[in-house]
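Okay, structure first, notes after.
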Amino acid sequence: MNTELANIFWELAEYLELKQDNPFKIRAYQKAAQNIEALSGNLQTIYKKGGLAALQQIPGIGSHIAEKIQEYTKTGKVSALQKLKKEFPKNFLQLVEIPGLGPKTALMLYKELKIDSPEKLTKAAKAGKLNKLPGMGSKKVANILRGLEIKQESHGRFLLDEATAHAEYLLDEFSKVSEIGKILVCGSLRRGCATIGDLDILVISHKPQKIMDAFVEFSIVQNVLSKGKTRSSVVLKNNMQVDLRVVEDKYFGAAAHYFTGCKAHDINLRKIAMQKGWKLSEYGLIQAKTKKLIAGKTEEEIFAAFGMQYIPPELREARGELKAAEAGKIPKLIELKQIRGDLHMHTKASDGSNTIEQMAEAAKALGYEYILISDHTQSTRIAHGLTEREMLKHIKEIRAANKKIKGIEILVGAEVDILRDGKLDYCDEILKQLDIVLATVHSSFKLPKVEMTKRITAALSNKYVNILVHPSDRLIGERDPIQVDMEKVLQTAKKHNVAMEVNSHPRRLDLTDIYCKRAKELGVNIVISTDAHSTHELKLMKYGVITARRGWLEAKNVLNTMPLAKLLKLL
DNA sequence: GCCGTTTTCGGCCCGACTGTTTTCAGTCG
C-alpha cells in the first residue's frame, strides 16, 4: 500500500517533469513519495483512524496529496495520474529513463518526429533524422545512442555485497595511484542501503587532473560518460556507474557529506544553513555574505557548527535524524564487534555445505561465543528438511559436537516451517528439545494479506517459537515480500516475547531498516543472523549490522550482543 | 504542492560537465 502510493507520486512527478510543470510542484510530489517510503505505519490504517487530518501530519503531505491518498484508498486509483498519463503515448516514460536524455529533449523528439519509444528513437538516430533538429549536434546524437545501449545492458540496482566488492577493487586500484591524500567511498554504499545504484568515490588530491587521467584508464572501466577537472563518471564492465569527485583537503568533510547524501538529507541541512545566513555545498559551510569558511575539513565540525551531534551515514535518510541530532538524541548505533554469536545457520544435514564442526570452528575463528545450528524441517523438502526422526538424531550429533569442541557453545535449533494454517512443522515434543526455535514461511508466499497475517501471528503464539526469521521473505530483485500486516506481526511478537531476525544475507536484509526502527519503538527484541549455508557466509554479518544501524538500533536492542546466559533468559 | 520562532503568500539547495549556445540550456548528482 505505501509502496504503491509512493510509486504513484514518483510517477506523477515524472509526468509533470515531462510537461515542464512547476518544478517545485514536482519536488513536492517527490518529497511526499520519499516520506511515504520511509513510513513504518500503513497509510491506509492512518487514514482510516484519523482521516485526512492524520495524513497531513506526515511531513510533505498537505491537503492535495492527502486527498489523493484518500481517493486511492477508496477507489484504488488516482485520477490526476490517469489524466496525465493520457496526455502521453504509452511507455513514453522509458525515453526519459535513458541516460543523457531529459524531459525537454524527449518532448521535443515527440513533437517533431513522433518518437514515443526507445526503438523508434534508435531508428531515427541511425537514419540521421535527429541531427536536423535545433540543438542536436552529432555528439549529442552519439551520446543518446550510447545512453540507449547503457540502458539496455543495465540490470538496475546492485546488491550490497557486489557493490562492496567493486568498491574494494577500485580502492585497490587507486592505491597504486600517487598523489592521493585521502579516499572515501560515499553515496548509498556508505549509508548501507540494501541496493546500490552507483558508486560515489571521493578523493583528496592537489593534482586532480592526474587522478582523473588514471581513473578513466582503469582496466575495469568500460565507458567514460564524462571527465572534468573535479568530477568524472564512468561505467564499469558490470554496467555499474562510478562517479569520482576530487577536492582539496580543506573541503574533505563538506564534500564527504554532500557526496554521501541522501539527497533529501543534504537539502534539509542546506535549508537550515540558509535560515542561519549560511550556505552549504561540497565547498564547505560558509557565511553567505562574507563567503568566510565556517567549517569544511571534517563532517564532525560541520555538524558541530550547526549545534548538532555527529550523524552516522546510515541515519542520513531524512527520517528525523537532523531533529534528533539537534536534540542530542542520536542513538549509539550497534557495531559489528559487539556481536557475540550467530543464531541462524545450516549444515550438511539439510542444505548447507559444511559440517557442524566446521561451522563451529569458523564461528570460533570470528571470535564468537556461541552459535545456533538451525537446519530446515521436513516440509522444506527442496532444502532436504529433516523429518522429526532425523531431527532427533541431528540433535544428538550437535550435542556431541558441543562436547568435543571447546571455546564455543553450540546450541541446538531448527528453522521450522510455518505451515499454511499457522501450525508448525514439528510437534511440540520435538520443539521442546530445541534450545532456540526459529520460525518462518517457506511456502504459499502468495497468500492474501489477512490470511498471511493470521498464519504468522498464530505461529508466534506457539510458546516454543523464539525468533521469526526473514520476516518479509523478500528476495531482492527476485521475489516480492509477502503481503502481511507487519505492524500486527510486531505487536504480536512483543506480546509473546518473540524476537525478530535481521537476516544478513545481501539478497534478504530482512527485517528491513524501517521495521527495525518500528520494532525498537515497540520494544521488540532483535537478533542479527547470517543464515549461512557455508563457513564463508558467516562473514555476511556486517550487512545485517549495517541494516540494523539504518534502523537506529543499539546493542541493547539486539540479543546476540549479549552473553549467552542473558540471551537465553531474555528469549 | 508544501510550508511558516522573519512569512497563510512567496518562497522553495547548490554545483559540475557537455555541447553548440556567442552567453547558456539541458542533464545530472
Side-chain angles (χ1 to χ4, degrees), chain A residues 9 12-13 16-18 20-35 55-69 78 80 95-109 130-131 133-144 146-147 150 186-188 197-202 208 212 216 224-235 241-247 251 254-255 257-286 288 291 318 322 326:
Chain A
F9 292 127
L12 255 166
L16 289 175
E17 209 165 16
L18 270 177
Q20 299 176 49
D21 207 310
N22 177 357
F24 300 108
K25 191 165 158 181
I26 295 165
R27 277 240 314 270
Y29 278 120
Q30 291 170 336
K31 204 167 149 188
Q34 215 211 348
N35 287 338
L55 289 175
Q56 287 185 55
Q57 293 302 307
I58 301 164
I61 295 181
S63 59
H64 289 82
I65 291 183
E67 277 168 20
K68 289 185 174 68
I69 295 171
V78 173
L95 285 179
V96 199
E97 284 166 10
I98 297 165
L101 183 59
K104 300 204 168 154
T105 313
L107 204 65
M108 180 190 67
L109 292 175
L130 300 190
N131 306 54
L133 298 173
M136 299 286 278
S138 58
K139 283 199 176 174
K140 212 162 179 178
V141 174
N143 207 10
I144 288 173
R146 199 172 52 176
I150 290 169
C186 300
S188 51
D198 59 14
L199 294 180
D200 302 296
I201 299 178
L202 174 66
M212 293 303 174
V216 299
V224 181
L225 297 175
S226 68
K227 184 182 171 213
K229 277 198 292 250
T230 67
R231 165 183 227 139
S232 294
S233 294
V234 304
V235 178
Q241 184 172 329
V242 184
D243 300 319
L244 175 67
R245 194 74 194 251
V246 182
V247 299
Y251 303 130
H257 178 265
Y258 148 75
F259 219 20
T260 297
C262 75
K263 194 173 173 181
H265 165 93
D266 281 358
I267 290 174
N268 290 341
L269 193 58
R270 284 172 176 183
K271 278 184 184 164
I272 296 174
M274 220 169 56
Q275 287 162 12
K276 293 179 186 286
W278 303 339
K279 206 171 80 165
L280 178 64
S281 77
E282 56 265 50
Y283 297 113
L285 180 63
I286 62 170
K291 312 275 182 210
L322 292 176
E326 273 175 344

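Order of the sequence lines sets the chain letters (A, B, ...), proteins ahead of strands, with each chain counted from 1.
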Quote, to the nearest angstrom, the P distance that separates B:dT21 from B:dT27.
-> 16 Å
Any donor-acceptor N/O pair, A:Asn268 side chain to A:Ala264 backbone, under 3.5 Å | yes
Which nucleotide in B:dG29, B:dC12, B:dT18 has an atom nearest any side-chain atom of A:Met274 | B:dC12
Side-chain donor or acceptor of A:Asp198 under 3.5 Å from a matching atom on the base of B:dG29?
-> no
Could you tell me which non-hydrogen atom of A:Asn131 sits nearest to which non-hydrogen atom of A:Ser138, and how far apart they are?
-> ND2-CA, 3.9 Å
Once the angle between the rings of A:His265 and A:His257 is folded into 0 to 90°, is it parallel (under 30°), tilted (30 to 60°) or perpendicular (over 60°)?
-> tilted
Look at all strands and tell whether A:Ile65 reaches a base, only sugar-phosphate, or nothing, counting heavy atoms closer than 4.0 Å.
-> sugar-phosphate
Within the structure shown, what part of the strands sits under 4.0 Å from A:Ile61 by heavy-atom distance: base, sugar-phosphate, or nothing?
-> sugar-phosphate
Spacing of CG belonging to A:Leu202 relative to OH belonging to A:Tyr251, to within rounding of 0.5 Å = 13.5 Å
Rounded to whole angstrom, note down the C1' distance from B:dT23 over to B:dT18.
-> 15 Å
Whole angstrom value for the distance that separates C1' of B:dC13 from CD1 of A:Ile286 | 13 Å
A:Ser188 near the nucleic acid: base, sugar-phosphate alone, or nothing, with a heavy-atom cut-off under 4.0 Å?
-> nothing
Looking for any heavy atom pair under 4.0 Å, which part of the strands does A:Leu225 touch: base, sugar-phosphate only, or nothing?
-> nothing
Contact class for A:Pro103 (heavy atom, under 4.0 Å): base, sugar-phosphate, or nothing?
-> sugar-phosphate
Nearest-angstrom distance from the residue atom CZ of A:Arg27 to C1' of B:dC13 | 7 Å
Base paired to B:dT8 (Watson-Crick or G-U; both N/O distances under 3.5 angstrom) | none
How many Å lie between CE on A:Met136 and P on B:dT18, as a whole number?
-> 18 Å
Which part of the nucleic acid, if any, lies within reach of A:Tyr29 when heavy atoms closer than 4.0 Å are counted: base, sugar-phosphate only, or nothing?
-> sugar-phosphate
B:dC14, B:dG1, B:dG29: which one has an atom nearest the side-chain heavy atoms of A:Asp243?
-> B:dG29
Assign A:Ser63 to base, sugar-phosphate, or nothing according to its heavy-atom contacts below 4.0 angstrom with the strands shown.
-> sugar-phosphate
Result for 5'-nearest mapping on DNA chain B, choosing between A:Arg231 and A:Ile98, is A:Arg231
Base, sugar-phosphate, or nothing: which does A:Gln30 touch, judged by heavy atoms less than 4.0 Å apart?
-> nothing
Across the strands shown, which category fits A:Leu101 at heavy-atom distances under 4.0 angstrom: base, sugar-phosphate, nothing?
-> sugar-phosphate
How is A:Lys31 classified with respect to the nucleic acid when contacts are heavy atoms under 4.0 Å: base, sugar-phosphate, or nothing?
-> nothing
Rounded to whole Å, CG of A:Leu269 lies from P of B:dC13 at a distance of 13 Å
Can you tell me the distance, in whole Å, between the CD atom of A:Glu67 and the C1' atom of B:dG1?
-> 12 Å
A:Gly137 or A:Arg245, whichever maps to the more 5' nucleotide of DNA chain B = A:Arg245
In whole angstrom, what separates A:Met108's CE from B:dA25's C1'?
-> 12 Å
Between B:dC28 and B:dT20, how far is it from one P atom to the other, in whole Å?
-> 16 Å
How is A:Asn268 classified with respect to the nucleic acid when contacts are heavy atoms under 4.0 Å: base, sugar-phosphate, or nothing?
-> nothing
If you measure from the C1' atom in B:dT7 to the same atom in B:dC12, how many Å do you get, rounded?
-> 13 Å
Send over the distance from A:Leu202 CG to B:dA16 P, rounded to a whole Å.
-> 14 Å
Verify the contact: side-chain N or O of A:Thr230 to OP1 or OP2 of B:dC17, cut-off strictly under 4.0 Å; return yes or no.
-> yes
From the candidates B:dC17, B:dC14, B:dG19, the one with an atom nearest any side-chain atom of A:Lys139 is B:dG19
From the candidates B:dT27, B:dG15, B:dC12, the one with an atom nearest any side-chain atom of A:Lys279 is B:dG15
Check the pair A:Tyr29 / A:His64 against side chain to side chain contact (heavy atoms under 4.5 Å, CB included), numbers first and verdict last.
-> CA-CA 10 Å; A:Tyr29 278 120; A:His64 289 82; 5.6 Å; no
Write down the distance between NZ (A:Lys104) and C1' (B:dC28), rounded to a whole number of angstrom.
-> 14 Å
Among B:dT27, B:dG29, B:dC14, which is the nearest nucleotide to the side chain of A:Thr105?
-> B:dT27
Which nucleotide, B:dC13, B:dC12, B:dT20, lies nearest any side-chain atom of A:Arg270?
-> B:dC13
Taking atom P in both B:dT6 and B:dC2, compute the distance separating them and give it to the nearest angstrom.
-> 23 Å
Pairwise distance NZ(A:Lys25) to CG(A:Leu12) - rounded to 0.5 angstrom | 9.5 Å
Could you please name the option among B:dT20, B:dG15, B:dC2 that lies closest to any side-chain atom of A:Tyr283?
-> B:dG15
Per A:Lys271 side chain, nearest of listed nucleotides B:dC13, B:dG26, B:dC2 | B:dC13
